Amino acid sequence: MGSPAAPVVRIRELARHAGQDARLRGWVYNLRDKGRILFLLVRDGSAIAQGVIARGEVPDAAFEAARQLTQESSVELSGSVRADARAPGGAELIVKDMVVHQVAAPYPISPKEHGVAFLMQHRHLWLRSRKQAALLRVRHEVIQAWRNYLDAQGFYCVDSPIFTPNACEGTSTLFETDYFGEKAYLTQSGQLYAEAAAMALGKVYCFGPTFRAEKSKTRRHLTEFWMLEPEMAFAGLEENLALAEGLLRHTLRQVLEKRRDELADLERDPAVLEKWDQPFPRLRYDEAARQLAQWQKEGRYESQFRDGDDLGAPDETMLGRHFGLPVAVTHWPAAIKAFYMKRDPEDPTKVLGMDIVAPGAGEIVGGSVREDDLALLEQRIRDERLPEEAFQWYLDLRRYGSVPHAGFGIGLERTLSWITGVEHVRECIPFPRTLERIYP
């Protein structure tokens with residue numbers, strides 16, 4: 001079909017081939033029939049382009065076949081690339097020939113409005129829509145940005161296991177499974193294993209799926225989500241904060257540089273992201289608690305929060321709204337934080353922990369300095385009635401060359417929700433798993 005030398009071009013790169021012959025492979029997004037001329041919108045996963053098919057400029061059989069195309073029919077077009085500022089992506093294909101791979105059956109997702117339940121039931125097809133595909137491409141860019149930043153900082157990627165013998169974030173949210181006659185759990189976090197790897201390589205990160213059996217239906221919760229977890233030997237709270245802020249600001253810059261078209265598809269104003277690329281405000285938990293109490297007293301928002309509580313969604317929302325930037329909250333009450341967090345030597349009722357709360361998305365980063373004292377860590381495991389035998393390997397890290405170290409976890413889906421302005425994290429993962437959904 002067409003010139004045998006014509007290269008197959010991804011639509012995102014079509015404008016670079018203006019004045020040349022090219023081939024496009026993809027699926028029909030829309031078709032407008034003007035009688036002697038057809039305007040065919042085709043998507044290939046990278047973007048959407050227009051193919052112009054004129055009667056007499058293509059074989060008659062190809063023209064008639066084009067008129068029968070339905071949404072999501074799969075095709076291969078060949079022709080010449082013409083620059084046109086009015087066309088999607090700045091170029092269109094003047095079609096000379098076409099091959100139809102399949103004429104699709106009537107597509108269940110039409111341009112009319114569909115309810116969320118229907119779209120989630122057809123998630124495997126909904127991914128093809130303009131906004132959902134744009135979300136997936138931004139998700140890819142965020143992952144690339146994370147890896148680029150940490151790799152440039154001298155970190156090594158070390159994978160952590162999904163089956164674990166013990167809890168990391170509390171026993172109430174574990175998914176239990178049988179592991180050849182023994183109890184095992186789906187991982188809540190790769191952190192403990194990242195700590196072990198950091199003692200071998202100095203600076204590491206793990207990135208993979210994590211699971212929380214939390215019976216929550218909020219827009220910010222998934223039972224399966226992806227988390228990046230850097231861990232650093234010889235590091236304290238300041239180094240931890242600097243790494244997290246640097247990572248987030250680098251991510252904003254990379255998305256702005258490479259995914260402007262996707263932000264436009266998502267109707268996200270780039271100026272919002274540009275504003276966030278500045279030093280993040282920092283405040284201690286006690287300061288945040290006093291401020292939240294004052295706002296409650298003034299009637300500015302409603303919440304059940306009391307000093308000493310963890311922050312809930314309304315509290316995080318209020319902080320994000322007030323500062324208009326991601327805000328780092330540090331020095332949390334020890335009573336509400338995990339056993340492995342190091343106490344503040346100036347106030348043992350607090351831990352050297354940090355959360356970063358982002359406008360519209362809530363907590364996206366949670367981390368701390370880790371307890372490096374063997375005796376203290378053993379006592380905490382006993383105090384929380386955790387199975388000591390399951391943590392012996394973890395305690396070995398304090399027996400053999402213990403050092404100050406710190407790290408954090410950052411949730412991919414919440415980060416994507418924050419950057420894109422998409423309200424519900426279920427759209428920020430290809431196939432969401434929630435309290436009520438395990439299909440498709």
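These figures come from a predicted structure and were not determined experimentally. Computed over heavy atoms, backbone and side chain alike; hydrogens, waters and symmetry mates excluded.
Smallest separation of non-hydrogen atoms from Gly308 and Ile336: O-CG2, 3.4 Å. Heavy atoms only, all atoms of each residue included: Val369 and Leu237 are closest at CG2-N, 3.4 Å. Heavy atoms only, all atoms of each residue included: Ser303 and Pro314 are closest at CB-CB, 4.4 Å. Closest approach of Phe280 to Pro326, counting heavy atoms only: CB-O, 3.3 Å. The minimum heavy-atom distance linking Ile419 with Thr251 is given by the pair CD1-CG2, 3.9 Å. Of all heavy-atom pairs between Pro432 and Met120, the closest is CG-SD, 3.8 Å.
With rounding to the nearest 0.5 angstrom, the CE atom of Met318 is 8.0 Å from the CG atom of Leu292. Remark: Glu141 CD to Gln254 CD distance equals 4.5 Å, nearest 0.5 Å. Between the NE2 atom of His331 and the CE atom of Met354 there is a distance of 12.0 Å, given to the nearest 0.5 Å. Here the CZ atom belonging to Arg23 is positioned 8.0 Å from the OG atom belonging to Ser78, to the nearest 0.5 angstrom. The CD atom of Glu224 lies 8.5 Å from the CD1 atom of Ile438; values are rounded to the nearest 0.5 Å. Separating the NE2 atom in His221 from the CZ atom in Arg414 is a distance of 5.0 Å, to the nearest 0.5 Å.
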Next on the checklist: His250 vs Trp146, test: ring-ring contact (aromatic ring centres under 6.0 Å, His included). Steps then yes/no.
Outcome noted: CA-CA 8 Å; His250 172 81; Trp146 286 357; over 10 Å; no

Next on the checklist: With side chain to side chain donor-acceptor pair (under 3.5 Å) as the criterion, how do Glu302 and Gln296 come out once you've worked through the C-alpha distance, each side chain's angles and the decisive distance to 0.1 Å?
Outcome noted: CA-CA 6 Å; Glu302 293 184 5; Gln296 286 174 305; over 6 Å; no

Item to check | Verdict with supporting geometry, Asp355 and Tyr285, side chain to side chain donor-acceptor pair (under 3.5 Å) | outcome: CA-CA 10 Å; Asp355 282 6; Tyr285 173 90; over 6 Å; no

Checklist entry - Do Arg249 and Asp277 pass the salt bridge (charged side-chain N to carboxylate O under 4.0 Å, His left out) test, and can you show the C-alpha distance, the side-chain angles, and the key distance before you say yes or no? => result CA-CA 5 Å; Arg249 293 176 63 184; Asp277 185 14; 2.8 Å; yes

Item to check | ring-ring contact (aromatic ring centres under 6.0 Å, His included) between Tyr185 and Phe163, intermediate numbers included | outcome: CA-CA 6 Å; Tyr185 308 94; Phe163 286 119; over 10 Å; no

Checklist entry - Stepwise, does the salt bridge (charged side-chain N to carboxylate O under 4.0 Å, His left out) test hold for Asp151 with Lys203? => result CA-CA 10 Å; Asp151 292 350; Lys203 295 196 292 187; over 6 Å; no

Checklist entry - Run the side chain to side chain donor-acceptor pair (under 3.5 Å) check on Gln188 and Thr173 step by step: do they pass? => result CA-CA 8 Å; Gln188 300 166 313; Thr173 62; 2.9 Å; yes

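A salt bridge does not link Arg139 to Glu262: none of the charged side-chain nitrogens sits closer than 4.0 Å to a carboxylate oxygen. A salt bridge links Glu274 to Arg260: one of the charged nitrogens lies within less than 4.0 Å of a carboxylate oxygen. A salt bridge between Glu195 and Arg398 is present, with a side-chain N of the basic residue lying under 4.0 Å from a carboxylate O of the acidic one. Of the charged side-chain nitrogens involved, none lies within less than 4.0 Å of a carboxylate oxygen, so that Arg220 and Glu423 do not count as a salt-bridged pair. Ion pairing between Asp21 and Lys96 holds under the 4.0 Å rule for side-chain N and carboxylate O. Of the charged side-chain nitrogens involved, none lies within less than 4.0 Å of a carboxylate oxygen, so that Lys131 and Asp265 do not count as a salt-bridged pair. Electrostatic pairing of Glu231 and Arg370 counts as a salt bridge here, judged by a charged N lying under 4.0 Å from a carboxylate O.
Taking the side chain as every heavy atom from C-beta outward, Tyr394 and Tyr193 never approach each other to under 4.5 Å. His114 places a side-chain heavy atom less than 4.5 Å from the side chain of Ile109. The shortest distance between side-chain heavy atoms of Leu283 and Phe323 falls below 4.5 Å. Looking only at side-chain heavy atoms (C-beta outward), Arg25 and Asp44 stay at 4.5 Å or farther from each other. Side-chain contact between Ser216 and Leu435 is absent, with no heavy-atom pair separated by less than 4.5 Å. Between Gln121 and Tyr439 there is a side-chain heavy-atom pair separated by less than 4.5 Å. Between Ser368 and Phe408, the closest side-chain pair of non-hydrogen atoms is not below 4.5 Å. Within the 4.5 Å cutoff, side-chain heavy atoms of Leu127 are placed close to those of Phe431.
Looking at Ser73, its side chain never comes within 3.5 Å of a backbone N or O of Leu69 through a donor-acceptor pair. Side-chain atoms of Asp309 do not come within 3.5 Å of backbone N or O of Phe305 as any donor-acceptor pair. Using a distance-only test at 3.5 Å, with no hydrogens or angles considered, no donor-acceptor pair links the side chain of Glu267 to the main chain of Ala264. Here the side chain of Ser74 pairs a donor or acceptor atom with the backbone of Gln102 at under 3.5 angstrom. Of the possible polar contacts, one joining the Arg123 side chain to the Pro430 backbone as a donor-acceptor pair under 3.5 Å is found. At least one donor-acceptor pair under 3.5 Å links the side chain of Thr70 to the backbone N or O of Ala104.
Heavy-atom neighbours of Phe175 CZ from other residues, nucleotides or ligands within 6.0 Å: above the threshold of 12. Within a 6.0 Å radius of CD in Gln304, no more than 12 heavy atoms belonging to other residues, nucleotides or ligands are found. Within a 6.0 Å sphere centred on OH of Tyr156, heavy atoms belonging to other residues, nucleotides or ligands number 12 at most.
Geometrically, Arg380 does not engage Phe339 in a cation-pi contact, judged by NZ or CZ lying under 6.0 Å from the ring centre and within 45° of the ring axis.
Ring-plane geometry between Phe155 and Tyr205 is classed as tilted, the angle between the planes lying from 30 to 60 degrees on a 0 to 90 degree scale.
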